[in-house]
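See structure below.
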Protein chains: 2
Amino acid sequence: MILTTPNGMDSDTDQPAGPNEPRLSRASAGRLSLYLRSLESFRREGLGKLSSGQLGESLGVSDAQVRKDLACLGHLGQPGIGYSTNELIDAIRRALGIDREWKAVLVGVGNLARALLRYRGFQQQGFRLVALCDNDAAKVGTTIEGLRVESLDDLTAVVRKTGAELAILTVPAEAAQAVVDRLAATGIRGLLNFAPAALKVPHGVNLVTVDLTVQLEQLAFLVQWSAPER
Amino acid sequence: MILTTPNGMDSDTDQPAGPNEPRLSRASAGRLSLYLRSLESFRREGLGKLSSGQLGESLGVSDAQVRKDLACLGHLGQPGIGYSTNELIDAIRRALGIDREWKAVLVGVGNLARALLRYRGFQQQGFRLVALCDNDAAKVGTTIEGLRVESLDDLTAVVRKTGAELAILTVPAEAAQAVVDRLAATGIRGLLNFAPAALKVPHGVNLVTVDLTVQLEQLAFLVQWSAPER
DNA sequence: GGATGTGAACGACTTCACAGCG
DNA sequence: CGCTGTGAAGTCGTTCACATCC
């Protein structure tokens, strides 16, 4: 499988062209995650089969869009019948690369980090937080949710020992780039960044940034220019 | 100003067509937030003027893209010179509707809520958390960061008294839809949802969902299908 | 009949390229 | 000359419509 690489904005995932299977755009990948969430919910309700229309409706996506997205994963649907919930879930997890466990190290032990540590949703999707790092000497050595806080200086050792491939950044914006550079040097392959900063990552390291302020601003924008006049 | 309404996916911001100023796509709006972050950083460094190239480079956006985005805000650039940092910041804040204070009520007092409460970035961008609600009787009446936790049953009164227009949802996925319905009834106009659930909002209420698991999945996807074979 | 898979049409967004201004 | 603003061209993604299969 190969993914299409439209505009950049973050990450620098250059695609070193593999075999020419049907391409999976990043937009599709984003929706696949959502389909997965819906499908799991449908499965809990005991629904074994569903149509593109049903799946789409729950998310506000057109049936055609759903079929297009799913078509990339192979011939999973049966005309006249629909898709098997279980097969879809498996196929999507495979396509997203989450049909296995991913280990992540959490860098920056603040309130957000604590919240993420206690969040069960990550585990459920196969993400495991295996280590904690911070440069605050007062925090190093303390234990949170069963994990000992390690020094930032030991980053390389920690990554190597735990085998973490991903890192979650919950450090202040000013410190973020420096931490990224150190993380890149450890061979980490993916970064989930919560700092409100535009980060540069070297080739081969993937970056996804979640800027909560940006999300709030988008919301304000929508509200501001939507219906009822004020 | 009026915004273009491409595909839905979340929110239901129907655009009741206003005067035909240059349109601001949602994609552009997302970038404007990022420009803003960069511009503030440039300003802190004392940079009074900059070009579309400089601004774009810091974010991995082409200079042409930056100019196109900024062109919607009026004639701000001077050929041969560039843009004024201050003017740009003001114009973007106006365009995004954040040239004023937005009050928000936080519903669901868990770890994430605590992290958000302590996060200073919101205040800095003009977002103020003015109230806290939870349906857990054990939490009601306690105080966090100077805010008293109110009962969910008092939601309407709380919203009315504080004048909150936005709500931030940090409740479990199962509870989310019910809370949304109650919030919608209070006349809230925007929702920032952190629950991993596909929510339905009535007409006139705007929704932005931040699903942290989705973001991690995107990252796994990128790493999985990027360079170095494993 | 009911639902999939898919080319073709369409629309939105991005990049290109250049005229025009400071 | 440098940089903006902008039509034109190009690319990407979504919707339509229908042949096809159960």
Side-chain angles (χ1 to χ4, degrees), chain A residues 2-10 13 15 20-32 34-35 39 42 47-85 87-88 91-92, chain B residues 2-10 13 15 21-32 34-35 39 42 47-57 59-85 87-88 91-92:
Chain A
I2 178 173
L3 69 96
T4 64
T5 19
N7 57 87
M9 200 68 181
D10 49 321
T13 306
Q15 199 57 28
N20 247 39
E21 297 178 36
R23 281 142 203 268
L24 183 51
S25 78
R26 190 134 160 213
S28 291
R31 280 189 300 267
L32 287 183
L34 296 172
Y35 298 157
L39 285 166
F42 278 126
L47 201 61
K49 291 224 175 282
L50 40 57
S51 68
S52 54
Q54 285 169 40
L55 183 52
E57 200 193 345
S58 69
L59 293 160
V61 173
S62 74
D63 55 346
Q65 180 77 80
V66 172
R67 289 200 298 277
K68 269 266 155 74
D69 288 337
L70 296 182
C72 300
L73 313 185
H75 284 225
L76 296 163
Q78 285 182 289
I81 307 290
Y83 300 86
S84 148
T85 312
E87 277 181 28
L88 264 195
I92 291 177
Chain B
I2 178 172
L3 67 96
T4 63
T5 19
N7 58 87
M9 200 68 181
D10 51 317
T13 306
Q15 198 58 26
E21 296 177 37
R23 280 142 204 270
L24 182 50
S25 77
R26 190 134 162 212
S28 290
R31 281 188 300 267
L32 287 184
L34 297 172
Y35 298 157
L39 285 166
F42 278 125
L47 200 60
K49 291 225 175 279
L50 40 57
S51 68
S52 55
Q54 286 170 42
L55 182 52
E57 201 194 344
L59 293 160
V61 173
S62 75
D63 55 345
Q65 179 78 79
V66 172
R67 289 199 298 279
K68 269 266 155 76
D69 288 337
L70 297 182
C72 300
L73 314 184
H75 284 226
L76 295 162
Q78 284 182 288
I81 307 288
Y83 300 86
S84 149
T85 313
E87 276 180 31
L88 264 195
I92 292 177

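In what follows, chains carry the letters A, B, and so on, assigned in the order in which the sequence lines appear, proteins first and then strands, with residues in each chain numbered from 1.
Computed from coordinates, the B/Leu88 CG to D/dC3 P distance equals 15 Å when rounded to whole Å. Atom C1' of nucleotide D/dC3 and atom CG of B/Leu55 are separated by 14 Å, given to the nearest angstrom. Between A/Arg26 atom CZ and D/dG13 atom P the separation is 11 Å, expressed in whole Å. In this structure, NZ of B/Lys49 is placed 18 Å from P of D/dG2, rounded to the nearest angstrom. Atom C1' of nucleotide C/dA3 and atom CD of A/Glu57 are separated by 15 Å, given to the nearest angstrom. Taking atom CD on B/Gln65 and atom P on D/dT11, their separation rounds to 16 Å, with Å as the unit. Taking atom CG of A/Asp69 as the reference point, atom P of C/dG5 lies 12 Å away to the nearest angstrom. We find that CD of B/Gln78 is positioned 21 Å from P of D/dC1, with the value rounded to whole Å.
Residues B/Lys49 and B/Gln54 come closest through the heavy atom pair O-OE1, 4.3 Å. Closest approach of A/Leu39 to A/Thr85, counting heavy atoms only: O-CG2, 3.8 Å. When all heavy atoms are compared, the tightest approach of B/Ala91 to B/Leu76 is CB-CD1, 3.7 Å. Between B/Pro79 and B/Gly77, the shortest heavy-atom contact is CD-O, 3.7 Å.
Of the candidates C/dG22, D/dC21, D/dG5, the closest approach to any side-chain atom of B/Tyr83 belongs to D/dG5. Comparing C/dT14, C/dA17, C/dG2 by their nearest atom to the side chain of B/Arg31 picks out C/dT14. Looking at the side chain of B/His75, the nearest of the listed nucleotides C/dA3, D/dT6, C/dT14 is D/dT6. Closest to the side chain of B/Pro79, out of D/dT14, C/dG22, C/dT15, is C/dG22. When distances run from any side-chain atom of B/Arg67 to the nucleotides D/dG7, C/dC18, D/dG2, the shortest one goes to C/dC18.
In terms of position on DNA chain D, the residue among A/Ile81 and A/Ser62 whose nearest nucleotide sits closer to the 5' end is A/Ser62. Residue order along DNA chain C, read from the 5' end via each residue's closest nucleotide, puts A/Asp63 first among A/Asp63 and A/Lys68.
If you run side chain to side chain contact (heavy atoms under 4.5 Å, CB included) between A/Ser52 and each of A/Val61, A/Leu70, A/Val66, only A/Val66 comes through.
Among the heavy atoms of the strands lying under 4.0 Å from B/Leu76 are primed sugar atoms or P, OP1, OP2 only; no base atom is included. Using a 4.0 Å heavy-atom cutoff across all strands shown, A/Ser52 reaches sugar-phosphate atoms only and no base atom.
Put simply, B/Ser25 has no side-chain N or O that comes within less than 4.0 Å of OP1 or OP2 on C/dA12.
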